[in-house]
Every structure is written in structure tokens, then in C-alpha cells.
Amino acid sequence: MSDETVKPGNFIRDIINTDNQTSKYDQRVHTRFPPEPNGYLHIGHAKSICLNFGIAEDYPGGKCNLRFDDTNPTKEEDEYVNSIIEDVRWLGFDWADRLFFASDYFEKMYDYAVQLIQIGKAYVDDLTADEIREHRGTLTKPGQDSPWRNRSIEESLSLFEAMKNGKFENGQKVLRAKIDMKSPNLNMRDPVMYRILHAAHHRTGDKWCIYPMYDWAHGLEDSIEGITHSICTLEFEDHRPLYDWFLDALGTYHPRQIEFARLNLNYTVMSKRKLLKLVKENFVDGWDDPRLPTLSGMRRRGYTPQAIREFADIIGVSKSNSTVDISLLEHCLRDNLNKNARRVMAVLEPLKITITNYPEKHIEWLEAENNPEDAAAGTRKIPFSRELYIEQEDFKEESPAKWFRLAPGKEVRLKHAYYITCTDVVKDASGKIIELKCTYDPHSKGGWTEDGRKVKGTLHWVTVEHSIPAEVRMYDHLFMTADPEAVPEGQDFTVNLNPKSLEIVTTCRIEPGLAQASATERYQFLRKGYFCLDPKHSRPGHLVFNQTTGLKDSWAKLENKSQSI
RNA sequence: UGGGGUGUCGCCAAGUGGUAAGGCAGCGGAUUUUGGUUCCGCCAUUCAAAGGUUCGAAUCCUUUCACCCCAGCCA
């Protein structure tokens, strides 16, 4: 670990440093990542995970718990618990033996609630949900006390116990904190602490029929676990007074809640509701569709944990709402893949060429480096022969300005192989180019000559005989517009879906070594981008690769520029 | 028009009274057996706006403006 990898500070670390200086928590630093298991994790969660676990890693003795906030049995499932565990682990974080569930504390929470009733700070309310809403008032009008607000402590106590014992129907009664119905902060207008839910919980089964609300439960969870800094997103800022009120009323250990801005990315959506719609209505291929910003989707797409962690570090942490440009994420991805991905050759849309002066049936095994960024990656042997495929787009009959790929009479280099010159263009009856005749320079073996002649263009290629077929899935942004939520009146964000976000290329020919491609390895298809095996659709004999991301393409940029003039 | 927040380059983001870091994007140029990578240069006289305090203000004060969040028995 070199000292140049020191992470930039942020306002949360400033707070922690100050707390350490004053020994507020005896130099302890203990955070937690508290997902509700009601959906799959996405890149926005990764920001929070990296923040919480990252802080724990960076302070001596720091710890971070993985805690499921499973207080609503109607929405939570084990499937989500499992995927969340897998995703956090995949990112490379470790919670040792500190995997917790809010539901582990239901008994303690119940006892605390009883305490609160006993000191006159909570009461059982018989009002219906509608009535409670009416009594709450509005943003500008104060609320009104419930008629049950001042019932006796004894009565609330026995009613609360009856609630727990299943004596009432859903919605018949709630337990509320007795705070202030006139508070300008709506969260303080006697918030509900417990509701009756006759529903099976994914862990506790039918043991409970009352379940704690977030505001009541969350601070207790933090308190019970000895969390020092409870980091959450901005929308909970208004809840902090409540968080503090409960813990103060109980006189129990009191962590500090700190809020930061959640991550937004352009050209995608992050809300659980929208992701769920895309999945359920089959706009995408499941939660792990490679176009989705879910961690499982990004993993399938070929993202590395390192790229995501680097991204999380680089975007910083603040309190201002912001939308990060997706190109920053892609930059982190390319940066990581460039250093680690093995280079191979694959032709996506083949154009056959015949080297007319190369002997028939002859095969040469040429040496090719696996990664110019990493000498330790070594070299491999690739076959070369008379009949080859190059990329269709690497040949133009009429070559434009600054074109240094193949054209009639033009010489280019075949990567790791020879210089070739195009001598003839073969077309079918419709005028379509179906083959190129070329000659090669036998003195240019390895792609270099002693005469120092300049050959600017270098193409990737495979042999007709040895290459194997493969399917390649090319991806583009899921949405055409930077802000998919900005939609004309009466329309839905799905109108902004990009119809070209997935393009399946079935004509691909890849170098023979890729028959043994590893499901965990990332490859750079030379000049085409980064690719990995699609774990969902690839099979031996029918290889399917996902394009993780393309390479920067300054030729395409040049072309676009000249077109737009 | 209640309360809580936030406004620094196209996008993030440092900066905490001493004269605007960095990254991404963009634009030039060099190197290159990937039009990749790498490298080098350019890219905020100005910090939402207006006043004020000060030798000195993005930082302090005043006023104004814009945007985000809150009226679930969701989290």
C-alpha cells in the first residue's frame, strides 16, 4: 500500500476525526451498511458500501457491520438477502462475524417500547390510518392531538401487549411516540412506532404480528450494535431529530447520524421502483441484465470490483444533490481493464482476405504479447495462414482523408504478423465486396521491417481455418436521454429507453485460444473494446461475449466531426 | 406561503479570512506494432445574485434568488 493511494478527505471523515480528537466515542469508529432486503443492490448502494466499509478500513480498529433492516415482512425476501450478501462480498468487503438483522432485536425493541410507554412518552392509538393522516395537519397547518393521546399508561401498556399477542386486526391500533403534534417537522408529530401486520417474516416467521417502524427501529439497531457514526442519505435529515429524541428518551447509547447525497448517474435510472418495472415488464433480461446499474448486472457486464471502488473514491462525498456523468464510471472501468485485461483478437464482422503470394496450406505460429501494459502477462502463439478475416469496417474502397486502414493499393500492418497490400477487390453480382486479394511482404514478419518504412495502420485479424465462431453482445446506454425521468406530460420514463441498447452480433470469429475462455477473465478484443463471457448465455460450443465497454475511438470522433460540418 | 438542506468550470469536487486543488469531459500536440495506453499543453480574474465588514472575502454579516427533501401504519 503506497502512500499515494491515500483517499481524499470528506466532511464525514472530518466529523469522525473531530470526534476522535475529543474522544467522543473512545477513538472507536464503527459504521454499518443497513440495506432493506427488498431489492437488488445498485451502483448507488455501492457508493454507500464503499463509504461505510472504506471508513472502517481506514481507521485503526475500525469496523463496519452488514445489517439487514428487515422490519417490513410484506416486502422482504431471502432472495434479496442472498444477493446483497453476494454483492457486498464481490465488492471485496468483509464484515467478519458481524452479519446482523434488525429482526434479531425485535424482543429488545419491544422492551424498549414498553419503557417508553412507562415513562409516558408513547401511547396506543385507536385512530385509523386515515384519521391519523387527518390529525397530522399539513406542511403549513399544525396537527391535532389524537383523542387517545392521554389515555393512561396502564391502558396503553395492556393494549400494547394485546397488540403483540395478536388480539387485533391489521390497522386497528398503533403505538405512537408522544412528541408534539404542532411541530413544524412532520416527523415529530407523534410518529408511529409499531403497526400491526399479520404477515410471515422471512426470518421470524409468525412469531410477531407487530413490527417496528424505521424511525423507531433504526436508532435502536445502531445503539445496540455500538455504532459510532450512522451514515445515511439526505432524505433522512428531517428524521435526525427523531433519531435523537428516541435515544435521548431512552437514555441509551447514542450514535451520531450523518447524512450525505445519494449517487445519481445520467443515462440510467436508480430507483428501486423503476428498476423493478424494467425487470418485471421484461424491458431487460432480469435483475442482472448487463445494461442495468445493478451490481449483479454490472458484474455480468464485466465490471470489476476495483473499477467500482475507484469510482466511489473519485466521486467524493458531499451534501449537494448531483448527477455524475456516466463517462467518469466508464473511465474508471477502462483504467482498470487496460492494466489487467488480456489482449486477444476477434473479428466481429468478417471480410475475407487472401494473401495471394503466401503458400497454400502453410501455417505459421506467431508470437503475440498478451498485455503491453503488463510484461508478466507473457505471450502466446497465434496461427497465420493464406486466408484470413479482417474487420469489414477496416477496408474502404474510397479512402477518406486521414484514413490509414486498408484501401486498394494501400499497405497496412496485421498485428503481430506481416505488412499486407491490397491488390484486388472481389465483388458479388450485387456489387457487394466479398473478398480482398492482398500480397504480403515476407520481410515484415512480426509486423516490422528493417528499412524503417512507415506503416501507420494496424489491423486485427484471425485465420479462416483456425478461428472459431462466437456471439457478441454490444451494449449502449439503456436510455437515450441523459435524464430518463424527464418525460413529456402523461408519459412514462420507458419512452426514453434506447432501442439500440443491445445489439447481438452473431458473425464474430475469434482466435482459437478463446475456446478455453475463462468465465472470470476479462479480455480486450484488440481495437474493439473489453469483453467477458456472458455467464448466463454462454455455453461450450456456443460462446457468448458481453462487451463491457468500448475503447476510446478517436477515429470515430474525427469521422463524426467531419460529418457534422 | 411551515420545517430541513444545497448552491465553486459542461459533470463531480477540494477549499474553513491571505489572493480558486484534482478528476472526468472537451480542445491542441508528441510517442505508439491497438486511431488504445502513455506524455505534454490549454480549459473559473472568479465561487447563485446584490450589498456590507476587512489591508485582504468562495470563506464573516445582511438581503434576495434557484433547486432538492418532508404530510406511508415504506425504508
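Keep in mind the model is a prediction, meaning the values are calculated, not measured. In the text below, chain A, chain B and the rest are named by the order of the sequence lines, each starting its count at 1.
- Pair assignment for B/rC67: B/rG5, on the basis of Watson-Crick or G-U wobble contacts that are both within less than 3.5 Å.
- Across the strands present, B/rC73 finds no partner; the criterion is a Watson-Crick or G-U wobble pair with both atom distances under 3.5 angstrom.
- Partners of A/K277 by side chain to side chain donor-acceptor pair (under 3.5 Å), not counting sequence neighbours, listed by chain and number: A/E281.
- Comparing B/rU1 with B/rA57, their P atoms are spaced 33 Å from each other, to the whole Å.
- Remark: C1' of B/rU16 and CG of A/D14 are 9 Å apart, rounded to the nearest angstrom.
- Between A/H239 and A/F236, the two ring planes are perpendicular [angle over 60°; tilted spans 30° to 60°].
- For A/D335, the side chain to side chain contact (heavy atoms under 4.5 Å, CB included) test picks out A/K339, with sequence neighbours left out.
- Checked against B/rG28, B/rC24, B/rU34, the side chain of A/H331 finds its nearest nucleotide in B/rC24.
- Look at A/K182 and you won't find any side-chain N or O under 4.0 angstrom from OP1 or OP2 of B/rG2.
- For A/R405 and B/rU34, the CZ to C1' distance is 11 Å, given to the nearest whole Å.
- In terms of the side chain to side chain contact (heavy atoms under 4.5 Å, CB included) criterion, residue partners of A/R262 (sequence neighbours excluded) are, by chain and number, A/T233, A/E235.
- In this structure, A/K402 does not reach the B/rG35 phosphate: none of its side-chain N or O atoms is under 4.0 Å from OP1 or OP2.
- Within 4.0 Å of A/T458, counting heavy atoms only, lie sugar-phosphate atoms of the nucleic acid but no base atom.
- In this structure, the ring pair (Phe, Tyr, Trp, His ring centres under 6.0 Å) partners of A/Y40, at least two apart in sequence or on a different chain, are A/Y80, A/W287.
- Across all strands shown, nothing is found opposite B/rA20 as a Watson-Crick or G-U wobble partner with both distances under 3.5 Å.
- No hydrogens or angles were tested; on distance alone, nothing pairs the side chain of A/D553 with the base of B/rG35 as donor and acceptor under 3.5 Å.
- A/W403 comes within 4.0 angstrom of a base, heavy atoms only.
- With both ends at atom P, the span from B/rG51 to B/rA14 equals 29 Å, rounded to whole Å.
- In this structure, the CG atom of A/D374 is 15 Å from the P atom of B/rU38, given to the nearest Å.
- For B/rU31, there is no paired base (Watson-Crick or G-U wobble, both distances below 3.5 Å).
- For B/rU34, its base sits under 3.5 Å from the side chain of A/Q524 at one donor and acceptor pair at least.
- Contact check, A/K561 against B/rG28: a side-chain N or O comes under 4.0 Å of OP1 or OP2.
- Across all strands shown, B/rG26 pairs with B/rC42; the Watson-Crick or G-U wobble distances both stay below 3.5 Å.
- The side chain of A/R527 places an N or O atom within less than 4.0 Å of a non-bridging phosphate oxygen (OP1 or OP2) of B/rG35.
- Remark: P of B/rG23 and CG of A/D335 are 13 Å apart, rounded to the nearest angstrom.
- With a glycosidic angle no more than 90° from 0, B/rG72 adopts the syn conformation.
- A/H460 has no side-chain polar atom (N or O) that falls below the 4.0 Å cut-off from OP1 or OP2 of B/rU34.
- Nucleotides B/rG22 and B/rG15 place their P atoms 14 Å apart, quoted to the nearest Å.
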Treat primed atoms plus P, OP1 and OP2 as sugar-phosphate and everything else as base, then score nucleotides 6-13 of chain B 5' to 3': B for base contact with protein heavy atoms under 4.0 Å, S for sugar-phosphate contact only, - for none. S----SSS
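- Each of A/F160, A/Y123, A/Y211 was checked for a ring-ring contact (aromatic ring centres under 6.0 Å, His included) with A/Y194, and the lone residue meeting it is A/F160.
- Computed from coordinates, the A/L139 CG to B/rG5 C1' distance equals 15 Å when rounded to whole Å.
- Among B/rA71, B/rG35, B/rG3, the nucleotide with an atom closest to any side-chain atom of A/L186 is B/rA71.
- Across all strands shown, A/K339 has no heavy atoms under 4.0 Å from either base or sugar-phosphate atoms.
- In terms of polar N and O atoms assigned as donor or acceptor, the side chain of A/R334 never comes within less than 3.5 Å of the base of B/rU37 in a complementary pairing.
- Partners of A/D14 by salt bridge (charged side-chain N to carboxylate O under 4.0 Å, His left out), not counting sequence neighbours: none found.
- B/rG36 atom P lies 16 Å from atom CD of A/Q547, rounded to whole Å.
- Residues A/F106 and A/H201 place their aromatic rings such that the two centres sit under 6.0 Å apart.
- Between the side chains of A/D222 and A/S230, at least one donor N or O lies within less than 3.5 Å of an accepting N or O.
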Find every protein N or O atom lying less than 3.5 Å from an N or O atom of nucleotides 73-75 of chain B, and list the pairs.
from, atom 1, to, atom 2, distance (Å)
B/rC73, OP1, A/R136, NH2, 3.2
B/rC73, OP2, A/R136, NH1, 3.1
B/rC73, N3, A/G171, O, 3.4
B/rC73, N4, A/L127, O, 3.0
B/rC73, N4, A/A129, N, 2.9
B/rC73, N4, A/G171, O, 3.1
B/rC74, OP2, A/R195, NE, 3.0
B/rC74, OP2, A/R195, NH2, 2.9
B/rC74, O3', A/R195, NH2, 3.1
B/rC74, O2', A/N72, ND2, 3.2
B/rA75, OP1, A/T71, OG1, 2.7
B/rA75, OP1, A/R195, NH1, 3.3
B/rA75, OP1, A/R195, NH2, 2.9
B/rA75, OP2, A/Y214, N, 2.9
B/rA75, O3', A/D69, OD2, 2.8
B/rA75, N6, A/H239, NE2, 3.4

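- Within the cation-pi definition used here (under 6.0 Å to the ring centroid, within 45° of the axis), A/K396 qualifies as a partner of A/W403.
- Here A/Y523 and A/F531 keep their ring centres 6.0 angstrom or further from each other.
- Between B/rU34 and B/rA20, the distance separating the two C1' atoms is 39 Å to the nearest Å.
- Only the C1' atoms considered, B/rG36 is 13 Å distant from B/rU31, to the nearest whole Å.
- Comparing B/rC67 with B/rA30, their P atoms sit 47 Å apart, to the nearest whole Å.
- Between the C1' atoms of B/rU19 and B/rC24, the separation comes to 27 Å (whole Å).
- Applying the side chain to side chain contact (heavy atoms under 4.5 Å, CB included) test to A/D69 and every residue at least two apart in sequence or in another chain returns A/T71, A/A102, A/Y214, A/H218, A/E221.
- Nucleotides B/rG5 and B/rA48 place their C1' atoms 16 Å apart, quoted to the nearest Å.
- Taking atom CZ of residue A/R240 and atom C1' of nucleotide B/rC69, one finds them 13 Å apart after rounding to whole Å.
- Residue A/Q257 contributes atom CD, which lies 16 Å from atom P of B/rG4 at whole-angstrom precision.
- A search for side chain to side chain contact (heavy atoms under 4.5 Å, CB included) contacts involving A/S444 returns A/Y418, A/Y419, A/D441, A/T449, not counting sequence neighbours.
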